[in-house]
Each structure stands twice: as C-alpha cells, then as structure tokens.
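Computed from heavy atoms alone, side chains included, the values below leave out hydrogens, waters and symmetry copies.
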Amino acid sequence: MVNEYKMILASNSPRRRELLAGLGVDFTVRVLPDIDESYPASLPAAETAEYIACKKAAAYRRQMADDELVITADTVVIVDEEVLGKPADAEEATQMLKKLSGRTHQVTTGVCLTTVEQTVAFSVKTDVTFKQLLDTEIEFYIKKYQPYDKAGAYGIQEWIGYIGCTGLNGSYYNVMGLPVQRIYTELQRFTHRRSLQDYRQ
C-alpha cells in the first residue's frame, strides 16, 4: 500500500504512532516546532479538527520531497458546540471532565494526507457517553494520569474510560486519536489515483 511514498507521521503522540503502526505500514515521525494551531472563532465546532490538520499540513508542504506522504491530524472534544482542547492544568482538566460527566459528547479527529501532487482531508466523529462521574473519581484520574496532553482531558483507553464510558457510537480508535480504518481506506484510494495518473501518462 502506497509503497511509492515514504510515509511520515507528523505527530509526537505515542497513541497515534501505535495506531498507525497497527496498519502494518512503514513510517517515520517528523515534528515541526511552533506550528500555529489557532482557528477562526466563527468556525463551526465540527470543522475545527480538520481545519487544524490542514493548517499543520501546509507547514510541512513547504519542505516535502516528491516521494513523501505526510499524515497530519488533530483531535478535539465537542460538547454543546464548545471545543475542548488540551487542558492547561488540573483545574481546567477538572472543569472539562465535569462538563462531560453524565452526558454524550463528540470526539472529532481531522486528518490530512498530503503529497506534493495531491491532498486529501477528512474528519471522523464518534459519540461518547459518560456516566455521572464522582468528584473523587475525577480527582483521582487527573492526579494519577495527568491527562494534559489529551483533548477533553481524558484518554478513553485509560482508567477513566474503563469506569466512565457507558456508550460509544463510532470508531473507538478515533477517540484514541487516529481513525485508522478511514486512513487505510484513503491510502488505498491514494494508490488507485496514482495508478490512474501513471496509466494516463
């Protein structure tokens, strides 16, 4: 699959590295510093992750080689049309988890697959329902797991997901940070489009 490209994952996330490796593809990790991840306040919440993923891709495109395929991604948690990113500290993490407690929220991951010839962007949404979390459960989770690198202040694969998640509609791996099934499908389409281009030439 896409053997003609050197695949690059533009993320420091160990979860994304693990998930992409699970597809059985060879890739290297390359992370550029200080990429602007801001977005317009008027942007609909559901479009935020894809917008940021494409913004990250634009930063890489300026220095890509012809045989490289870069994967950029961004994950956000959405509740009541409010975008929850990564918490700055324990207080903000507590506030986020209290907003998610006892209700259903959306986790959206935007992905951009980029070569010098073409770009494909998409987003995948998963609905996640939490039970009513006790203050002591929130406090324990934040103190032990320090989820400051996670959108919405939680990792579904961690303790809080074990005891708190009562329902999930969509891709579990999307909630972890990378919708690998959709990425697999889009990489296959990349190969098909490239084959058609070569045939027409």
Would you name the heavy atoms of [X] and [Y] that are closest together and state the gap between them?
| X | Y | result |
| --- | --- | --- |
| Phe122 | Glu50 | C-OE1, 3.4 Å |
| Ala121 | Cys54 | CB-SG, 3.5 Å |
| Thr114 | Met64 | O-CE, 3.2 Å |
| Gln132 | Glu137 | O-OE1, 4.4 Å |
| Thr126 | Ser171 | OG1-O, 3.0 Å |
| Leu178 | Arg16 | CD2-O, 3.7 Å |

Please determine whether salt bridge (charged side-chain N to carboxylate O under 4.0 Å, His left out) holds for the pair Arg30 and Glu68, giving the CA-CA distance in whole Å, both sets of side-chain angles, and the decisive distance to 0.1 Å.
CA-CA 12 Å; Arg30 183 189 303 168; Glu68 292 180 336; 2.7 Å; yes
Is [X] salt-bridged to [Y], going by a charged N under 4.0 Å from an acidic O?
| X | Y | answer |
| --- | --- | --- |
| Lys56 | Asp36 | no |
| Arg189 | Glu186 | yes |
| Lys86 | Asp149 | no |

Taking the side chain from [X] and the backbone from [Y], do they hold a donor-acceptor pair closer than 3.5 Å?
| X | Y | value |
| --- | --- | --- |
| Arg17 | Asn12 | yes |
| Thr94 | Ala90 | yes |
| Thr109 | Val124 | no |

Between Tyr145 and Tyr154 (judged by ring centroids, cut-off 6.0 Å), do the two rings come close enough to count as a pair?
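No: the rings miss the under 6.0 Å criterion.
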What's the spacing between [X] [atom1] and [Y] [atom2] if we round to 0.5 Å?
| X | Y | atom1 | atom2 | result |
| --- | --- | --- | --- | --- |
| Glu91 | Ile142 | CD | CD1 | 10.5 Å |
| Gln181 | Leu23 | CD | CG | 9.5 Å |
| Leu100 | Arg103 | CG | CZ | 8.0 Å |
| Thr72 | Leu113 | OG1 | CG | 7.5 Å |
| Leu69 | Ile8 | CG | CD1 | 8.5 Å |
| Tyr172 | Cys165 | OH | SG | 8.5 Å |

Is there a side-chain contact (heavy atoms from CB on, under 4.5 Å) between Thr108 and Ile78? Walk through the geometry before answering.
CA-CA 8 Å; Thr108 300; Ile78 302 170; 3.9 Å; yes
Can you tell if the side chain of His105 reaches within under 4.5 Å of the side chain of Val107, non-hydrogen atoms only?
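Yes, their side chains come closer than 4.5 Å.
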With heavy-atom distances below 4.5 Å as the criterion, would you say the side chains of Met7 and Ile71 are in contact?
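Yes, their side chains come closer than 4.5 Å.
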Could you walk me through whether Lys6 and Asp66 pass the salt bridge (charged side-chain N to carboxylate O under 4.0 Å, His left out) test, one step at a time?
CA-CA 9 Å; Lys6 294 177 182 177; Asp66 291 345; over 6 Å; no
Is there a side-chain contact (heavy atoms from CB on, under 4.5 Å) between Cys112 and Thr119? Walk through the geometry before answering.
CA-CA 7 Å; Cys112 193; Thr119 297; 3.3 Å; yes
Show your reasoning for whether side-chain contact (heavy atoms from CB on, under 4.5 Å) applies to Ile35 and Tyr60.
CA-CA 10 Å; Ile35 294 179; Tyr60 283 84; 3.7 Å; yes
Using the rule given for side-chain contact (heavy atoms from CB on, under 4.5 Å), can you reason through Tyr39 versus Val83, listing the C-alpha separation, both sets of side-chain angles and the distance that settles it, and then say yes or no?
CA-CA 11 Å; Tyr39 56 90; Val83 175; 3.7 Å; yes
Do Leu19 and Val128 sit in the same hydrophobic cluster, where Ile, Leu, Val, Met, Phe, Trp and Tyr count as joined when their side-chain heavy atoms come under 4.5 Å apart?
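Cluster IDs for Leu19 and Val128 match.
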